[in-house]
Participant: 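The structure that follows is given in the form of structure tokens.
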Amino acid sequence: MRWSSLFIPTLREAPAEAEAVSHQLLVRGGFIRQLQSGHYSMLPLAWRVNKKIVKILCEEMDLIGAQEVMLPAIHPASVWQKSGRWDAIGDDMFRFVDRKDAEQVLAMTNEEVVATVALELSSYRDLPQMWYQIQTKFRDEPRPKSGLLRVREFDMKDSYSIDIDDAGLDNSFNLHHQAYERIFARLGLNAIPVEASSGAMGGSDSVEFMVESPAGEDDVAVCDSCDYSANVERATSIIPEVENRLGNETLEKFETPNIRTIEALSEAGHPPEHQIKTLVYMVDGELSLILLRGDHQFQEQKFRDSTSAMEIAPAEEETIKKALGASPGSLGAVGIDGIKTFADPSLKGRSVMTTGANEDDFHLSGVDVDRDIKVDQWVDVRSIADGEGCPSCSNPLRVVRCIEAGHIFKLGRKYSEAMGMSVLDSEGNSQIPTMGSYGIGVGRAMAAIAETCCDDSGLIWPISVAPYEVVLTVVKTDDENSMEVADKIYKDLKAHGIDVLFDDREERPGVKFADAELIGIPLRVTIGPRGLENGIVEFLDRSDPEKTQTELGVEEVKDFLLEKISAELDLTA
RNA sequence: CGGGAUGUGGCGCAGUCUGGCAGCGCACCUGCUUUGGGAGCAGGGGGUCGGGAGUUCAAAUCUCCCCAUCCCGACCA
């Protein structure tokens, strides 16, 4: 295409509200424009990238035997009521009422619909099935952010597997795992598979594919010495045991005027690791205590996962005061009976501890956890920290910020059972099939690539997804010879299937070079009178201009580029 | 939903405190010069100052209400 007739509105400066690198570059490069918070138009360049990502997704899904479908994006409330998610999900789902007063939802995912279609499966001979689609999803995010990274409307590749038994599900899951590794490699993303929490999706196992980036929203624990990696919502670690202090082992109440924090109490001679942190939460409507060591952080998702609690939130101060008789900062679980108490295992066997006395300005010392506190349930709810020991090899873990680029779930029979699926097995017995679901956000993948493939001058697309593979930069458009040669090369490249962008704009060379770099075209051929005098044009690779700078005869350009492109695509395919 | 900030032409910003002709840079249009890394000169077009109400002779500026956007947190199938 000729740049002069394209809509590529580049900007010299990014809008003030764009913070994430990918957001700034995609806006500056003329790829996207915001309509409202969480809703973006994809302009021609972005849509070309989008289509290339989609193509890779389809190819890899097809390769594992998945079949492409297209499901409705508007669902009746009834299917969501049947699965229980109508109530479980809440405000994140867009809902509306149609003219007949029927309640409707804008689909955020499609397990219910898949399970409904799958009611037609009646025999084990029909299984397994894998269906996928690339379709717009709607989620009423409480806080859309960072450009395309978190939006309310986005295209997602969602696929679903249906198997007769657990072994079948394992197989479908593994096929997806492998497909995802190939997909991310082809997209130029270094995505690490990590153990994850399944959250409200339900199910047993889940793996997230994480791309390290400061723009991400998840923290992941990775071990550089072995292959352990897990979302902090699930990660465990080995920490040194704390020796109980020598000291008075009997309970003693002492005055602690104005001491409300772990830190303040620590300064008063009670180190955090010898304190019991007492949190008060409403767990599915029931007031509950959650106990941790003073120097540990609470990991809410771990708590949800291990207690199957649906709704948890810190209790209001007034509620706390009414139940315990004191405000946060002076709370403790000693002598409490009748309030459900959860405790982190790191408190097991601990004594000579300090905790709040449930009386403002007073604490208790000499607390023996086993003796003085009635724990209803021991649960690992501690957030691991950077540098702690890997649970599988005990070397130090690193905690890194990541973008969640993909997530695969073993759902089990939650949806197939709810929707009433059943098939006959080889013995004529009725079986409820088991399902998996697997997602990759297209726009988020684009943003993740933009986030990680860029430099000070702009984007650097991998050839596999670049909006154009090659840009032909004509330095002097009013030089007839230049234009003639450029036009010839342009037609030649096009005829050989190369995506080429012909920068025929009447702009100064500096502007053209800067724009080409900003929009991230991986390969550049510069055509100008200076080179043509010697019968050559200049080539360089966006990712490393200095080392790759090459002079090419006009006739060699096509073969040179074809080889470059196929070499890079082969590397990742 | 809690905390913080911002809203002035397509983008970046000044002006708001202390009320008095709506400005600057980039981008855009015309002409001339220039032409291998974001040109120069001259001329020109474009703004309900987020919206509404109020105070005032006079409001971008002061008051009240609302809206939008961004950041942190909560939440995130």
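A note on names: the letters A, B, ... follow the listed sequences, proteins ahead of strands, and every chain is numbered from 1.
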Participant: Which one is paired to rC32(B), where only Watson-Crick or G-U wobble pairs with both distances under 3.5 angstrom count?
Facilitator: rG40(B)
Participant: Working to the nearest 0.5 Å, report the span between CG of Asn110(A) and NZ of Lys137(A).
Facilitator: 5.5 Å
Participant: Suppose you measure atom C1' in rC71(B) against the same atom in rC26(B); what distance do you get, rounded to whole Å?
Facilitator: 26 Å
Participant: It should be established whether Gln34(A) places a side-chain nitrogen or oxygen under 4.0 Å from OP1 or OP2 of nucleotide rC70(B).
Facilitator: yes
Participant: So, Asp487(A) and Arg2(A), do they make that salt bridge, N to O below 4.0 Å?
Facilitator: yes
Participant: Looking only at atom C1', what distance separates rG31(B) and rG9(B), rounded to whole Å?
Facilitator: 24 Å
Participant: Any side-chain N or O of Thr526(A) under 4.0 Å from OP1/OP2 of rG36(B)?
Facilitator: no
Participant: Given the P atoms of rU16(B) and rC11(B), what is the spacing between them in whole Å?
Facilitator: 23 Å
Participant: Between rG40(B) and Arg508(A), counting only base atoms on the nucleotide and side-chain atoms on the residue, is there a donor-acceptor pair under 3.5 Å?
Facilitator: no
Participant: Return the value, rounded to whole Å, for the distance between atom CG of Leu43(A) and atom C1' of rG10(B).
Facilitator: 13 Å
Participant: Base, sugar-phosphate or nothing for Ala313(A)? Non-hydrogen atoms, less than 4.0 Å.
Facilitator: nothing
Participant: How far does the C1' atom of rC21(B) sit from the matching atom of rA74(B), given to the nearest Å?
Facilitator: 49 Å
Participant: Can you identify which nucleotide, out of rC75(B), rG37(B), rC71(B), has its nearest atom closest to the Glu300(A) side chain?
Facilitator: rC75(B)
Participant: Measuring to OP1 and OP2 of rC75(B), would you say a side-chain N or O of Arg304(A) lies under 4.0 angstrom away?
Facilitator: yes
Participant: Nearest 0.5 Å please: distance from the CG atom of Leu6(A) over to the CZ atom of Arg505(A).
Facilitator: 9.5 Å
Participant: Report yes if the distance between the aromatic ring centroids of Tyr160(A) and Tyr132(A) is under 6.0 Å, otherwise no.
Facilitator: no
Participant: Using a cut-off of strictly less than 4.0 Å, decide whether Lys145(A) has a side-chain nitrogen or oxygen near OP1 or OP2 of rC76(B).
Facilitator: no
Participant: Between rG10(B) and Arg12(A), is there an OP1 or OP2 to side-chain N/O distance shorter than 4.0 Å?
Facilitator: no
Participant: Searching all strands shown, indicate the nucleotide that pairs with rG73(B) (Watson-Crick or G-U wobble; both distances under 3.5 Å).
Facilitator: rC1(B)
Participant: What is the pairing partner of rC49(B), taking Watson-Crick or G-U wobble pairs with both distances under 3.5 Å in any strand?
Facilitator: none
Participant: Centroid separation under 6.0 Å, is that true for the rings of Phe298(A) and Tyr281(A)?
Facilitator: yes
Participant: For a quick check of understanding: with a heavy-atom distance under 4.0 Å over all strands, which category does Ala18(A) fall into, base, sugar-phosphate or nothing?
Facilitator: nothing
Participant: Whom does rU55(B) pair with, Watson-Crick or G-U wobble, provided both distances fall under 3.5 Å?
Facilitator: none
Participant: Could you give the distance separating rU48(B) and rG38(B) at their P atoms, to the nearest angstrom?
Facilitator: 36 Å
Participant: With a 6.0 Å cut-off on ring centres, are His39(A) and Phe138(A) close enough?
Facilitator: no
Participant: Could you check whether Tyr468(A) and Trp3(A) have their ring centres less than 6.0 Å apart?
Facilitator: no
Participant: Can you tell which of Arg152(A), Glu153(A), His23(A) makes a side chain to side chain donor-acceptor pair (under 3.5 Å) with Tyr40(A)?
Facilitator: His23(A)
Participant: How would you label the contact of Ser457(A) with the nucleic acid (heavy atoms, under 4.0 Å): base, sugar-phosphate, or nothing?
Facilitator: nothing
Participant: What is the nucleic acid contact for Glu13(A), judged by heavy atoms within less than 4.0 Å: base, sugar-phosphate only, or nothing?
Facilitator: base
Participant: Given the P atoms of rG50(B) and rG12(B), what is the spacing between them in whole Å?
Facilitator: 14 Å
Participant: What nucleotide, of rC76(B), rA74(B), rU35(B), holds the atom closest to the side chain of Asp478(A)?
Facilitator: rU35(B)
Participant: Touch check for Asp91(A), heavy atoms < 4.0 angstrom, all strands: base, sugar-phosphate only, or nothing?
Facilitator: nothing
Participant: Gly531(A) near the nucleic acid: base, sugar-phosphate alone, or nothing, with a heavy-atom cut-off under 4.0 Å?
Facilitator: base
Participant: Looking only at N and O atoms, is any donor in the side chain of Glu507(A) or the base of rG38(B) less than 3.5 Å from an acceptor on the other one?
Facilitator: no
Participant: Could you tell me which nucleotide pairs with rC17(B) by Watson-Crick or G-U wobble geometry, both distances under 3.5 Å, or answer none if nothing does?
Facilitator: none
Participant: Is there a donor on the side chain of Glu517(A) or the base of rG37(B) sitting less than 3.5 Å from an acceptor on the other?
Facilitator: yes
Participant: Which part of the nucleic acid does Pro529(A) contact within heavy-atom distance under 4.0 Å: base, sugar-phosphate only, or nothing?
Facilitator: base
Participant: Taking atom P in both rG40(B) and rA58(B), compute the distance separating them and give it to the nearest angstrom.
Facilitator: 45 Å
Participant: Measure distances between side-chain N and O atoms of Arg150(A) and base N and O atoms of rC76(B), and say whether any donor-acceptor pair falls under 3.5 Å.
Facilitator: yes
Participant: In whole Å, what is the span from the CG atom of Leu518(A) to the C1' atom of rC11(B)?
Facilitator: 13 Å
Participant: Mind checking Arg444(A) for me? I need base, sugar-phosphate or nothing, with any heavy atom below 4.0 Å counting as a touch.
Facilitator: nothing
Participant: Mapping Gly528(A) and Glu233(A) onto RNA chain B by nearest heavy atom, which one lands closer to the 5' end?
Facilitator: Gly528(A)
Participant: Using a heavy-atom cut-off of under 4.0 Å over every strand shown, decide if Pro142(A) touches base, sugar-phosphate, or nothing.
Facilitator: base
Participant: Looking at rG25(B), which nucleotide sits across from it as a Watson-Crick or G-U wobble partner, both distances under 3.5 angstrom, or is there none?
Facilitator: rC11(B)
Participant: Need one value for Glu538(A): base, sugar-phosphate or nothing, where a base atom within 4.0 Å counts as base even if backbone is also close, heavy atoms only.
Facilitator: base
Participant: If I pick the C1' atom on rG36(B) and the same atom on rA42(B), what distance separates them, to the nearest angstrom?
Facilitator: 27 Å
Participant: Expressed as a whole number of angstroms, how long is the span from Ile89(A):CD1 to rC75(B):C1'?
Facilitator: 13 Å
Participant: Closer to the 5' end of RNA chain B via nearest nucleotide, is it Asp140(A) or Gly510(A)?
Facilitator: Gly510(A)
Participant: Is the Tyr438(A)-Phe409(A) ring centre distance short of 6.0 angstrom?
Facilitator: no
Participant: Given rC72(B), rU69(B), rG38(B), which nucleotide is nearest the side-chain atoms of Gln36(A)?
Facilitator: rU69(B)
Participant: Give the nucleotide from the list rC11(B), rG37(B), rC70(B) with an atom nearest to the side chain of Glu17(A).
Facilitator: rC70(B)
